Every structure is written in structure tokens, then in C-alpha cells.
Amino acid sequence: DKGAYPYYMLKEIDEQPAVLRRLLTAYVKPDGHVDMPANLLNALAAADRLYFVAAGTSYHASLAAAPMFEELAHVPVSVHLASEFGYHMPLLSERPMFIFLTQSGETADIRQVLVKVKAQHLPTLTITNVPTSTLAREADYALSLHAGPEIAVASTKAYTAQVATCSLLAKALGEYKGVAAAEQLDLFHELSMIADAQQSQVDEKEVIHTIVKDALATTRNAFYIGRGSDYYVALEAALKLKEISYVQAEGFAAGELKHGTIALIEKDTPVIAIITDPVTAAHTRANASETAARGAKVITLAAKGLAAPGDDLELADVHPLLSPLAAIIPCQLLAYYTSMDRGYDVDRPRNLAKSVTVE
Ligand code: F6R
């Protein structure tokens, strides 16, 4: 039931802090250690490379998850589109393990990969919001997202639940392997702070709605730019805008703009810059300025510690590995208000289905 909400999507955006807290209750023991099945950790620790295979929003969540496993568990990760992987399989490492991030657990593109890798007796893990789903049943291991049913076609809370669950798994694996970076990270504390940060972000609805009225009300296209994790957020932000408001939106690694895409910038083209990484903040700002010099309407979403006068919205300062969990929220709201103001059915965008069971 969506209660007083006009659309499920807004309700689901608002639920994200509660989902994150629920995940912490589900996966963190009272002593602060992450509780993951020992046989799963054993299988992951035996792998020399993790292959994430996913589609759409879950692919973007996989991109955000990869650096967590590399940094906290010291295992190389590659991230693949399911629809490509099955038919153009790369040369695999000696001891690969497959992780399927999938909200529905029914995506046909992933299932065909699962069937192929199982035929080679390679270990598989499904992380899904539907524990009874086909992919959960057919993989060797399964983890739940605890996000609760997601009704809106455009995924919001399942995305953040995927990213958060992966951070917990990466931490557990790192501890299991004795990696110092994992042992030293107080993930419970960091994620609790993120739940608060998400709450302050969902409370900024009026600011976001004003940005939409100023910059996105009638535009036909929009660009999201960022670097590192902010780039992965840019990809997901663009997908959200595309799917429910039918605006031609693209996410770019900020440094890539000048290698071609900047030719598309015209007067008032919206360019949304996402800046949470201190290492690259100045570069991304410079890239945004280059678009402004060509007439773009730049909207800057920057972390508090990196904020500059004139920024449009302040993002919370959170652990760099976890920044997508908070930074995506204003982007979800930008898509929501753009769709709503244009009079579309936010929850049921044209041509799309909640789970995609054909290849
Ligand atoms: C977009 C969205 C889709 C799905 C994709 C994969 O909001 O939800 O891009 O992420 O169709 O579906 P799952 O995650 O169920 O495998």
C-alpha cells in the first residue's frame, strides 16, 4: 500500500534509511562482526577473481560494489553485463567465482550465464531481493537484500540494498582473509551514519524539486558526470532519468567529456556533476566548468567537505567506498520530479517491466 504517497517510487525512495538499518540488523552480530555463512566465505576466499554479472541498475550496483571487494578483501573483481557475458565470455581466471546481483532473481540474461557456468562446475552466488526466485534457488549460495517488495518499475531501494549488502559481504570476506583494511573499518558505524545521511538527503525534496523546475522541466537531454564511484552513480542517475521521464540522459566519466561528448553541449544543456571524491573533486569541477563555458546549465551535487559557493546541493560526507549509497538519493529524486512534473505515470513507465524474463 502506498498510503499517502502519490507514487510507490517516492515511498520506496523514502524507505531507504529504514532498509539500510534493517540490513544491519540482519547481517551484523551484536559484537559488531558481519554474519555471513562460513561456507560462502570459504568459497569466496578460494576464488582468485570475482565476476559480477548483472543488468541495468543491478549492473550499476555491481560497479559500485567492485572496489569494496578489491579494497577490503584484496580480491580482483570484474563486472560484466549479463547479456554480453554469456555469448562473449572472457578468458576466465583459474579459480573464478560468480556473483549475480539481481533484484528480481528472474532475469533471463543472467540465467543463461548461470546455466553455462554451472555446467563448468564453477561456484555461484545470487544476491537478490526475492529469496524464492529462480536464480536464488539455482545458485550454490544466496543472500537476501531485505529491501521489502519494490513495486515501482524504476529500482531505488533495491539498488542501495545491493550496494550495502555487498559492502557487508566485502567486509566479512576481508576479515575472513585477515585483510587489515577490512579489520580496521568500522562498517557498522559507517553504514549507520549513511542511514542518517540518506535521511537528510530524502528530506531535501524541495531543493531537488526546484532544481528540476529550473533545469530539467523541458529539456530533451541531460548529462551526469563524475569520477570513480561518482561515475557509477552518474550511470545509475542517467538510467533513472531515462526510464521514467524519457529524457535522453547519459552518465559519463567526467574526464571523458572532452574526448568527444562535449560537442553535444548547447545553451542550457543540463550537466549534473556529482562530487564526493576528494582526490578528483577539482578535476570534475574543471570538467563541469568547461561545459558551463559552452553554455551548459551545471548543477553541482558535492559532498559537504568539498562544497564550493554556488553548489546546488550538499551531499553528506561519508566513507568514499560507500558514497553511492547517499549520492544516488538526490539523483533518484531528480528523476522522480522530472517524471511527475511532465505528467507521466512514475511507477509504470512505458515499454518496461519489473522483471525481464526474455533474453
Ligand atoms: C531499472 C531496473 C532494471 C533492472 C534490470 C535487471 O530501474 O530496475 O535496470 O535492474 O532489469 O533486473 P534484476 O535486478 O531483477 O536482475
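Just so you know, ligand 1 is whichever comes first in the structure, and atom 1 is the first atom listed for that ligand. All of these numbers come straight from a predicted model, not from anything done at the bench.
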Atoms of ligand 1 close to [X] [distance to a heavy atom under 4.0 angstrom, numbered from 1]:
X: Ser58; value: 10 (O), 13 (P), 14 (O)
X: Ala154; value: 7 (O)
X: Ser155; value: 7 (O), 8 (O)
X: Gly56; value: 9 (O)

Evaluate whether atom NZ of Lys258 has more than 12 neighbouring non-hydrogen atoms of other residues, nucleotides or ligands under 6.0 angstrom away.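 Buried by this count: over 12 neighbours within 6.0 Å.
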Which one holds for Glu243 and ligand 1: side chain close, backbone close, both close, or neither close, with close meaning a heavy atom under 4.0 Å?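 Answer for Glu243: side chain.
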Between Thr107 and ligand 1, which part of the residue brings a heavy atom under 4.0 Å of the ligand: side chain, backbone, both or neither?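 Side chain only.
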Could an N or O of ligand 1 be found under 3.5 Å from any N or O of Thr102, whether backbone or side chain?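 Yes, Thr102 has an N/O under 3.5 Å of an N/O on ligand 1.
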Any salt bridge between [X] and [Y], counting N to O under 4.0 Å?
X: Asp312; Y: Lys297; answer: no
X: Asp196; Y: Arg21; answer: yes
X: Lys242; Y: Glu250; answer: yes

Which pair of non-hydrogen atoms, one from Ile127 and one from Leu145, has the smallest distance, and what is that distance?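 The answer is CG2-CD2, 3.6 Å.
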What's the shortest distance from atom 6 (C) of ligand 1 to any protein heavy atom, and which residue and atom give it?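 So the nearest neighbour among protein heavy atoms is Ala55 O, 3.4 Å.
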In this structure, does ligand 1 have an atom that sits under 4.0 Å from one of the heavy atoms of Lys240?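 Within the 4.0 Å threshold, so yes.
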Any non-hydrogen side-chain atom of Tyr87 less than 4.5 Å from a side-chain atom of Glu359?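 Yes; the side chains approach each other to less than 4.5 Å.
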